[in-house]
Amino acid sequence: MELTYRPRRLRRTDALRSMVKEHTINASDFIYPLFVHEGADVEPISAMPGANRWTLNALIGEVIRAWDLGVRCIVLFPKVDDALKTEGGEECFNEKGLIPRAIRLLKKELPEMTIMTDVALDPYSIDGHDGIVSAEGIVLNDETVDHLCRQATVQAEAGADLIGPSDMMDGRVGAIREALDDEGFEDVGIISYTAKYSSAYYGPFREALDSAPKALNSKPIPKDKSTYQMNPANAREAITEAQLDEQEGADILMVKPGLAYLDIIYRLRQESALPIAAYNVSGEYSMIKAAAAKGWIDERAVVLETLLSFKRAGSDLILTYHACDAAQWLKDLVK
Ligand code: PBG
């Protein structure tokens, strides 16, 4: 054949392939999500093999392990005792609550580690919704934003570096920015869950925190989060959300879930100059873990390929439960 272009020329050797490589993944791209509880023992999460509910003490060791592997940011999620859950989720702004205590402890032990928090009511509310549910069964926007601002301020006070509103209430980014600034936390950033879809991929996470929406006798409770999280059928709407978050002062935009929404990451990359994060959520993690446990896929290869896909689609940062494993594998590749 008389071919002018033979794309295989640049795929011939390892050296050539690495020279023309367009994207890389690094441990410093990862944000490692960690679950913490009040219990005395580290509890494995059955729907997320390899992930645990850490005690405050054991959390320190796990965060140091991540740091030593090159991971530079973690995000904390609380498994809150049932006795502390209320209709309004007021425990979320308790200065002595689990998350503020965990942040203080970690900042004392390892001040350089970037700490991100999650802002939403679901781990704290008896009905599992991210916002306050009215007597009529409506998730109230503005009343919820008031609680979220108090939650964010308490987290910043404890030492959080990045506040992550995951609730999808309208106007919360701007309100949280203002609340943080009013309290003197101008340097605390906001990583907004900008395009967060109403997704079945969050199932294992809700098991981890026991935070799935629950029916109550006292009032009607929406069975899912579709009145505030985005419809998986929509892509243009993500651009509107991104524009609003930018105007309201978000520092980083997030797309969640990641893998089934790579097109959304790509679109936001075209629309915004801000850093973009992808959340490789619990269901995506558990699918890989389950198939690997069966011996159906090569876990290491599939995880690294998946993480690379987020970078290729246009994200700078990746929230992933695979963070430590992947960081270790990346180290092994260099050896
Ligand atoms: C809560 C929150 C959820 C996740 C992160 N923050 C669940 C939800 O919205 O129901 C999901 C993360 C995952 O599945 O890994 N606001």
Side-chain angles (χ1 to χ4, degrees), residues 30-36 45-53 73-80 85 89 91-92 98-99 116-133 139 141 144-145 147-148 151-152 155 160 162-169 172-173 176 190-214 221-232 241 254-261 277-290 303 306-307 310 317-323:
F30 302 151
I31 299 178
Y32 183 29
L34 289 161
F35 302 101
V36 54
I45 298 164
S46 65
M48 298 180 69
N52 298 296
R53 293 183 200 98
C73 185
I74 57 148
V75 52
L76 297 172
F77 294 100
K79 160 87 168 66
V80 176
K85 296 188 181 185
E91 177 64 13
C92 78
L98 186 54
I99 291 297
M116 168 183 167
T117 57
D118 194 80
V119 169
L121 303 187
D122 52 328
Y124 307 93
S125 63
I126 42 173
D127 51 60
H129 276 286
D130 292 26
I132 302 166
V133 182
V139 177
N141 194 87
T144 298
V145 170
H147 278 34
L148 301 176
Q151 181 180 19
Q155 293 170 346
L162 292 172
I163 303 295
S166 71
D167 53 283
M168 291 301 278
M169 297 299 119
R172 92 279 206 206
V173 170
I176 290 173
I190 298 179
I191 171 167
S192 175
Y193 288 66
T194 295
K196 177 170 178 181
Y197 286 86
S198 181
S199 168
Y201 282 96
Y202 309 148
F205 174 98
R206 292 177 187 170
E207 191 220 276
L209 297 189
D210 186 23
S211 64
K214 290 179 205 35
I221 298 295
K223 63 180 189 332
D224 61 30
K225 301 190 176 182
S226 54
T227 69
Y228 47 105
Q229 297 181 346
M230 284 177 57
N231 185 340
E241 286 284 3
M254 195 203 296
V255 174
K256 176 182 177 191
L259 200 49
Y261 297 83
Y279 200 142
N280 178 210
V281 297
S282 58
E284 299 170 9
Y285 171 85
S286 300
M287 289 194 301
I288 291 181
K289 284 291 190 181
V303 167
T306 301
L307 297 176
F310 297 124
L317 301 167
I318 307 164
L319 289 87
T320 180
Y321 303 96
H322 301 289

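First listed ligand is number 1; within each ligand, the first listed atom is number 1. What you see below is based on every heavy atom in this structure, not just the backbone, and it leaves out hydrogens, waters and symmetry mates.
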Would you call Lys196-Asp167 a salt bridge at under 4.0 Å N-O?
-> no

Distance to 0.1 Å, residue and atom name: give those for the protein heavy atom nearest to atom 14 (O) of ligand 1.
-> Ser282 OG, 2.7 Å

Which protein heavy atom lies closest to atom 16 (N) of ligand 1, and at what distance to 0.1 Å?
-> Ser166 OG, 2.8 Å

Could you check atom 2 (C) of ligand 1 against the protein and tell me its nearest heavy-atom contact, residue, atom and distance included?
-> Lys196 NZ, 3.3 Å

Just heavy atoms, cut-off under 4.0 Å: does Tyr285 contact ligand 1 by side chain, backbone, both, or neither?
-> neither

Return yes if some donor-acceptor pair links the side-chain N/O of Gln155 with the main-chain N/O of Leu162 below 3.5 Å, else return no.
-> no

Heavy atoms only: give me the nearest Arg53-Glu207 pair and the separation to one decimal.
-> NH2-O, 3.5 Å

Taking Tyr202 for its side chain and Ala212 for its backbone only, find out whether a donor-acceptor pair lies under 3.5 Å.
-> no

Is ligand 1 under 4.0 Å from a heavy atom in the side chain of Asp130, in the backbone, in both, or in neither?
-> side chain

Looking only at distance, does Lys225 have an N or O less than 3.5 Å from an N or O of ligand 1?
-> yes

Is a side-chain donor or acceptor of Tyr285 paired with a backbone partner of Pro49 at a separation under 3.5 angstrom?
-> yes

Would you check whether Asp122 reaches within less than 4.0 Å of ligand 1, judged by its heavy atoms?
-> yes

Side chain, backbone, both or neither: which part of Asp118 comes within less than 4.0 Å of ligand 1 when only heavy atoms are counted?
-> side chain

Determine whether the side chain, the backbone, both or neither of Ala120 has a heavy atom under 4.0 Å from any heavy atom of ligand 1.
-> side chain

Note the single closest protein heavy atom to atom 6 (N) of ligand 1, along with its residue, its atom name and the distance in Å.
-> Lys256 NZ, 3.3 Å

Shortest non-hydrogen separation from Pro257 to Glu284 and the atoms involved | CB-OE2, 3.1 Å

Do other residues, nucleotides or ligands put more than 12 heavy atoms under 6.0 Å from Phe205 CZ?
-> yes

Residue pair Arg172 / Leu148: nearest heavy atoms and the distance that separates them | CB-CD1, 4.2 Å

Is the closest heavy-atom distance from Gln229 to ligand 1 below 4.0 Å?
-> yes

